[in-house]
Number of protein chains: 2
Amino acid sequence: MRSTAAGAAHEETAAKEKLLNAATDLFTRRGYSATSVREIVAAAGVTKPVLYYHFGSKEGIYRAIMDLTQEAFNVRLEKVRRRGGPAGKKLQSLLEEVFDLFLERLSVVRLIFAIYYGPHQGAPDFDFNQFDEAFRKSVLEIVREGVKSGEFRKGRAEDMALVVMGTFSVATELELSHAGRGIGRNGLARLLRLVLNGIAYQGGKVRAQ
Amino acid sequence: MRSTAAGAAHEETAAKEKLLNAATDLFTRRGYSATSVREIVAAAGVTKPVLYYHFGSKEGIYRAIMDLTQEAFNVRLEKVRRRGGPAGKKLQSLLEEVFDLFLERLSVVRLIFAIYYGPHQGAPDFDFNQFDEAFRKSVLEIVREGVKSGEFRKGRAEDMALVVMGTFSVATELELSHAGRGIGRNGLARLLRLVLNGIAYQGGKVRAQ
DNA sequence: GTCTATATTGAGATAGAC
DNA sequence: GTCTATCTCAATATAGAC
């Protein structure tokens, strides 16, 4: 399964992919500055010029990792935006799309976290908040639709969006730290339903959904 | 300038604290292994033997940072556990207690995240999952009380606990990345209420809380 | 040119005076 | 409790033999 962007499934792509994977892994495990171009090409099983041909520099491959991920991320968000249906379902689709991407690119996510939270290590600047902002915006948009249509309660849509994001956050965190032993797609869907319906006893019936 | 003898207890504490703060800051910004004892003592305005007197080693001061934080964390959890009242209120207290601690020790939290998500950098082993586990356990305990008493819906208490933790997570994340421009204690309380009552329109009145 | 022996440096850690 | 001065040790850098 050739998942990563770049399209064509040629040999050229194979080297590119191997380089991207090797670099992602090494940057994460040893840090950006501590990783040498030599190590990357060795791990990828290619020679230095191959890296420089495709990415121009160490910084170039780093940017490629981030740009490709961001692009894939935006594609998923856009995909859901075009979808119709009730807001609850759209939220579920959104979370699932992003969650799937998250799982597909767990190693990149680790790298992002390492750079974002870790010491700066001379890594090129990259605005990681874009991910969060784009996600937030998408969630908020759907929440607003839901409020407007009466599907959701009246209230601060911003707060609702945050709660949904928190739900996503806890599901991803479990995957990150307990590697594969998280609650998965289905667990995430369950949590979302819980958030929509509320934890507290509402006095009457428990909504089916 | 150097007041010898009559070493008042407050002087002692001052040096210790300054060392802890300096080390926390440097470990976070530059990484554990990249930070030298020299830098720490210089930043704290003391000399090397002071560090070795209080903490025994570089690893010692690192452990002290973590141990003190963990202890403070457990104290807060215990404090809430002894409290009575409805589960919803207890959850709120719990989140607020932990959130306050989080804000008080933002710099330590940054360090924990940096070590947890970043490259290992030779930092001493420390089981950061203890924080999460203890927190999870406390939340779960309260959720179970709530379900038992009929205050909360019947259902997977584990899921409910996760949703509550996600709510906490998103509030803290905002403080971490937008430094001081987060939603604060009150925002967190709002989010919790939302989670308890649900986002979706329930058919009847909106619960007052 | 390469190899081995010897500085040099900078790290964590300590001794003993005050 | 804190200081000055010093130690041990490893990684690196360099010199000079071969």
Side-chain angles (χ1 to χ4, degrees), chain A residues 22-23 25-44 47-49 51-52 57-59 62 111 114-115 117-124, chain B residues 1-72 75 104-105 107-128 130:
Chain A
D25 183 51
L26 286 166
F27 288 156
T28 305
R29 289 203 339 257
R30 323 206 337 134
Y32 177 80
S33 65
T35 300
S36 69
V37 169
R38 233 202 301 285
E39 289 174 299
I40 297 172
V41 297
T47 58
K48 271 211 261 187
L51 186 150
Y52 283 99
S57 65
K58 177 172 157 182
E59 174 168 341
Y62 175 85
L111 175 58
I115 302 272
Y117 292 113
H120 279 111
Q121 287 225 339
Chain B
M1 54 178 208
R2 294 286 175 282
S3 70
T4 48
H10 43 278
E11 281 298 323
E12 170 211 15
T13 311
K16 217 168 161 175
E17 294 258 318
K18 277 191 289 185
L19 279 166
L20 287 168
N21 291 334
T24 299
D25 184 52
L26 286 165
F27 287 155
T28 306
R29 288 199 343 252
R30 322 208 338 133
Y32 177 80
S33 65
T35 299
S36 70
V37 170
R38 271 187 172 75
E39 290 174 299
I40 297 171
V41 298
V46 303
T47 57
K48 274 210 269 183
V50 178
L51 185 151
Y52 285 96
Y53 173 78
H54 287 295
F55 303 107
S57 67
K58 177 175 162 181
E59 175 170 339
I61 195 170
Y62 175 85
R63 303 213 102 92
I65 292 167
M66 296 307 169
D67 289 343
L68 289 171
T69 300
Q70 181 154 52
E71 195 192 318
V75 165
E104 284 165 28
R105 313 225 176 178
S107 60
V108 177
V109 175
R110 283 187 209 287
L111 175 57
I112 291 174
F113 276 54
I115 302 274
Y116 188 77
Y117 292 112
H120 280 114
Q121 287 227 339
D125 284 335
F126 189 91
D127 182 14
F128 296 113
Q130 288 177 104

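Please read these numbers as outputs of a predicted model, since none were measured by experiment. Convention: sequence-line order gives letters A, B, ...; per-chain numbering from 1.
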Worksheet item: Between B:P49 and B:V37, who's closer to the 5' end of DNA chain C by nearest nucleotide?
Response: B:V37
Discussion item. Using a heavy-atom cut-off of 4.0 Å across all strands, would you classify B:S33 as base, sugar-phosphate, or nothing?
Written reply: nothing
Worksheet item: Atom CD of B:Q121 and atom C1' of C:dA11: how far apart are they, to the nearest Å?
Response: 15 Å
Fill in: Length of the NZ-P vector between B:K48 and D:dT4, whole Å
13 Å
Worksheet item: Can you check side-chain contact (heavy atoms from CB on, under 4.5 Å) on B:K58 and B:F27, steps first, answer last?
Response: CA-CA 11 Å; B:K58 177 175 162 181; B:F27 287 155; 4.2 Å; yes
Worksheet, complete the sentence: Closest of C:dG12, D:dC3, C:dA13 to the B:V46 side chain is D:dC3
Worksheet item: Atom CZ in B:F55, atom CD1 in B:I40: separation rounded to 0.5 Å?
Response: 9.5 Å
Worksheet entry | Proximal nucleotide (of D:dT4, D:dT2, C:dG12) relative to the B:S36 side chain | C:dG12
Fill in: Worked check of side-chain contact (heavy atoms from CB on, under 4.5 Å) between B:F128 and B:M66
CA-CA 9 Å; B:F128 296 113; B:M66 296 307 169; 3.7 Å; yes
Discussion item. I need the NE2-C1' distance between B:H54 and D:dG1, as an integer number of Å.
Written reply: 6 Å
Discussion item. Could you tell me if the side chain of B:L111 sits less than 4.5 Å from the side chain of B:Y32, heavy atoms only?
Written reply: no
Worksheet item: Which listed nucleotide (D:dG1, C:dA11, D:dA5) is nearest to the side chain of B:Y53?
Response: D:dG1
Worksheet entry | Separation of atom NZ in B:K18 from atom P in D:dG1, rounded to whole Å | 15 Å
Fill in: D:dT2 phosphate, OP1 or OP2, under 4.0 Å from B:T47 side-chain N/O
no
Item to complete: Round to a whole Å and report the spacing from CD of B:E17 to C1' of D:dG1.
Response: 16 Å
Discussion item. Check this one for me: any side-chain N or O of B:Y52 less than 4.0 Å away from OP1 or OP2 of C:dA13?
Written reply: yes
Fill in: For atom CD1 of B:I40 and atom P of C:dG12, their distance in whole Å
7 Å
Worksheet item: Tell me: CZ of B:R38 to C1' of D:dC7, nearest whole Å?
Response: 12 Å
Worksheet entry | From B:L20 atom CG to B:H54 atom NE2, the distance as rounded to the nearest 0.5 Å | 9.5 Å
